Number of protein chains: 2
Amino acid sequence: MGTLRDSERTRGKLIEAAGHLFAEKGFNGVTVRDIAKAANASLSSLNYHFRTKEALYHEALMDACQADSVPDKDKAALLKLDPKEALFILAKEALKEYRKQTTSNWRTALITRECREPSHEFKAVSEKHLTPETHFLAEIIGRAANKPATDYHVRFAVITLISLLETFGLYRHLIDEVSPGLDDFFKPKDGLAQHIVHLVLEAARNDTAT
Amino acid sequence: MGTLRDSERTRGKLIEAAGHLFAEKGFNGVTVRDIAKAANASLSSLNYHFRTKEALYHEALMDACQADSVPDKDKAALLKLDPKEALFILAKEALKEYRKQTTSNWRTALITRECREPSHEFKAVSEKHLTPETHFLAEIIGRAANKPATDYHVRFAVITLISLLETFGLYRHLIDEVSPGLDDFFKPKDGLAQHIVHLVLEAARNDTAT
C-alpha cells in the first residue's frame with residue numbers, strides 16, 4: 001500500500017542514488033534507468049517524482065548545496081561574535097565536517113564537479129548557494145580586517161579560505177601521503193584552523209603587491 | 001600498411017581517449033569498448049598496446065602526471081635562483097598554464113579525481129609524481145623561509161601553494177561568478193602570483209599558533 005511516507009522515502013532514495021551516480025559519472029554518463037535501478041525503484045516512480053533527468057539532477061544538486069551550506073541561524077549567531085573568533089569557529093567546524101565525510105560523499109563531489117565543469121545548472125547553484133555563501137564570508141572577513149566586504153583583497157581572502165578548507169579538509173589521504181605527520185602536528189589547539197585564519201586575514205590585509 | 005609511426009599514433013589516440021573517458025566517468029564507468037570506439041580504433045589494437053583496462057588507466061594517469069609536472073631541467077634552473085624569485089616564477093607560470101587549460105583538459109581532471117578518490121593506482125602516482133613534486137616545492141619554500149624542507153610549517157606552506165594555484169588557476173569561471181572583477185584587479189604586475197607567494201611565505205614563517 002503506497003502511503004505518503006513511502007512516496008517521500010522513494011523520492012529521497014532516488015535523489016540519493018542520482019546524486020551518487022551523477023557525482024561519479026557526470027550528467028551525461030548516467031541514464032534514468034541506471035538511477036531507478038540503483039535506487040531499487042521503478043522507472044514509473046522516477047517519472048512520477050521528477051519527470052526528467054534534468055529535474056532530478058537539479059534536485060540532487062540543490063540537496064547537496066543545502067547540506068554543504070552554513071544554516072541561516074548559524075550565520076546570524078556568527079555575525080554577533082567577534083569577527084576573528086567567528087572566522088576561527090567557521091574554519092574549525094568546516095574542517096571537522098569535511099573530515100567526517102568519506103570519499104563516497106556525493107554531495108561535495110557533485111558541487112566540486114559543477115564548479116569545475118559547469119553544467120546548465122551552474123547558474124542556479126551559484127544563485128542559490130555560492131554567491132550568498134561568499135557574501136557571508138566576505139562580511140565576516142571584512143569586519144575582521146576592517147575593510148568593506150566588497151574590497152578585492154577581502155574577496156581574495158574569501159576564496160583563499162574556501163580553497164584551504166577544502167584542501168586540508170577533503171584531501172587528507174593526499175596530505176598524509178606527501179607530508180606524513182603534518183596532520184598530527186597541527187592537531188593540538190586546533191592549530192590548522194588557527195593557521196588558516198591567520199593566512200586568510202593576511203590575505204585580506206596585504207595591499208603591498210597591487 | 002601499418003608502419004611503426006601508425007602504431008605509435010594509435011597508441012597515443014587510445015591514451016587520449018581513455019584519459020578523457022576516465023576523467024569524466026571514473027575507472028569503473030568506462031569499458032575498453034567505449035575507449036576503442038572513442039579513439040576510432042579496434043579492440044584488438046587496444047589489446048595489442050595495453051592488454052588490460054588497468055594498464056591503460058596507468059598509462060593515461062602517468063601521461064597526465066608527466067604533463068602536469070615541472071620538468072627536471074626547469075627544477076634545476078629554479079634552484080639556482082633566489083628562492084623567493086623562484087617561487088614567484090613558479091606561481092606565475094603555473095597560473096598561466098592552468099589558465100590555458102579548458103575544462104575539457106582531462107589530465108588535471110584525472111589527477112584531481114585520483115587525489116580525491118584514490119584508486120589502486122594512487123601509490124604509483126604518488127611515488128612518481130606527487131612526492132617528488134612536493135619535495136621540490138618544500139626545498140624552494142624552505143630556502144625562502146630559512147627553514148629546513150622537512151619543517152612542518154614549510155610542509156603546510158607547500159600544500160597552501162598547491163591549493164591556491166589550483167583554485168585560482170582552474171576555477172576561474174567560479175571566481176568570476178562569485179567575485180566579478182577580481183581577476184582584472186589582480187592582473188597588473190602579476191598581482192595574483194605575488195599575493196599567493198606572500199601568503200605561502202607567511203604560512204612557512206608563522207609559528208604563533210602551534
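Here the structure is a predicted model, which means the values were calculated and not measured. In the text below, chain A, chain B and the rest are named by the order of the sequence lines, each starting its count at 1.
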Please confirm whether the backbone N or O of [Y] pairs with a side-chain atom of [X], one donor and one acceptor, at under 3.5 Å?
{"X": "Arg155(A)", "Y": "Gly181(B)", "result": "no"}
{"X": "Arg113(B)", "Y": "Glu24(A)", "result": "yes"}
{"X": "Ser163(A)", "Y": "Ser163(B)", "result": "yes"}
{"X": "His198(A)", "Y": "Asn206(B)", "result": "no"}

Given that the side chain runs from C-beta out, which part of Pro180(A) has a heavy atom under 4.5 Å from chain B: side chain, backbone, both or neither?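 Answer is backbone: N, CA, C or O of Pro180(A) sit under 4.5 Å from chain B.
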What part of Glu114(A) is in contact with chain B, defined as an atom under 4.5 angstrom from a non-hydrogen atom: side chain, backbone, both or neither?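 Just the backbone, heavy atoms under 4.5 Å.
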Which atom of Leu182(A) lies closest to which atom of Ile159(B), heavy atoms considered: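 So the minimum-distance heavy-atom pair works out to CD2-CD1, 3.6 Å.
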If you count heavy-atom pairs under 4.5 Å with chain B, which of Leu164(A), Asn28(A), Val200(A), Thr131(A) comes out on top?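 The option with the most such pairs is Leu164(A).
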Which residue pairs satisfy the ring pair (Phe, Tyr, Trp, His ring centres under 6.0 Å) criterion with at least one member in residues 121-151 of chain B, sequence neighbours excluded?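 Matches after skipping sequence neighbours: His173(A)-Phe122(B).
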How many angstroms lie between [atom1] in [X] and [atom2] in [Y], if you round to the nearest 0.5 Å?
{"X": "Ile162(A)", "Y": "Ile175(B)", "atom1": "CD1", "atom2": "CD1", "result": "9.5 Å"}
{"X": "Leu21(B)", "Y": "Lys25(A)", "atom1": "CG", "atom2": "NZ", "result": "12.5 Å"}
{"X": "Thr160(B)", "Y": "His195(A)", "atom1": "OG1", "atom2": "NE2", "result": "9.5 Å"}
{"X": "Cys115(A)", "Y": "Leu170(B)", "atom1": "SG", "atom2": "CG", "result": "12.0 Å"}
{"X": "Thr112(A)", "Y": "Leu174(B)", "atom1": "OG1", "atom2": "CG", "result": "10.0 Å"}
{"X": "Thr134(A)", "Y": "Glu177(B)", "atom1": "OG1", "atom2": "CD", "result": "9.5 Å"}

Please find out if less than 6.0 Å separates the ring center of Phe156(B) from that of Phe186(A).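 Ring-ring flag for Phe156(B)/Phe186(A): true, centres closer than 6.0 Å.
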Who pairs with Lys53(A) by side chain to side chain contact (heavy atoms under 4.5 Å, CB included), at least two apart in sequence or on another chain?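 Checked Lys53(A) against side chain to side chain contact (heavy atoms under 4.5 Å, CB included); matches are Phe22(A), Phe27(A), Val32(A).
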Counting heavy-atom pairs under 4.5 Å with chain A, which one of Gly26(B), Ser126(B), Gly29(B) comes out on top?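 Max contact count across the listed options: Ser126(B).
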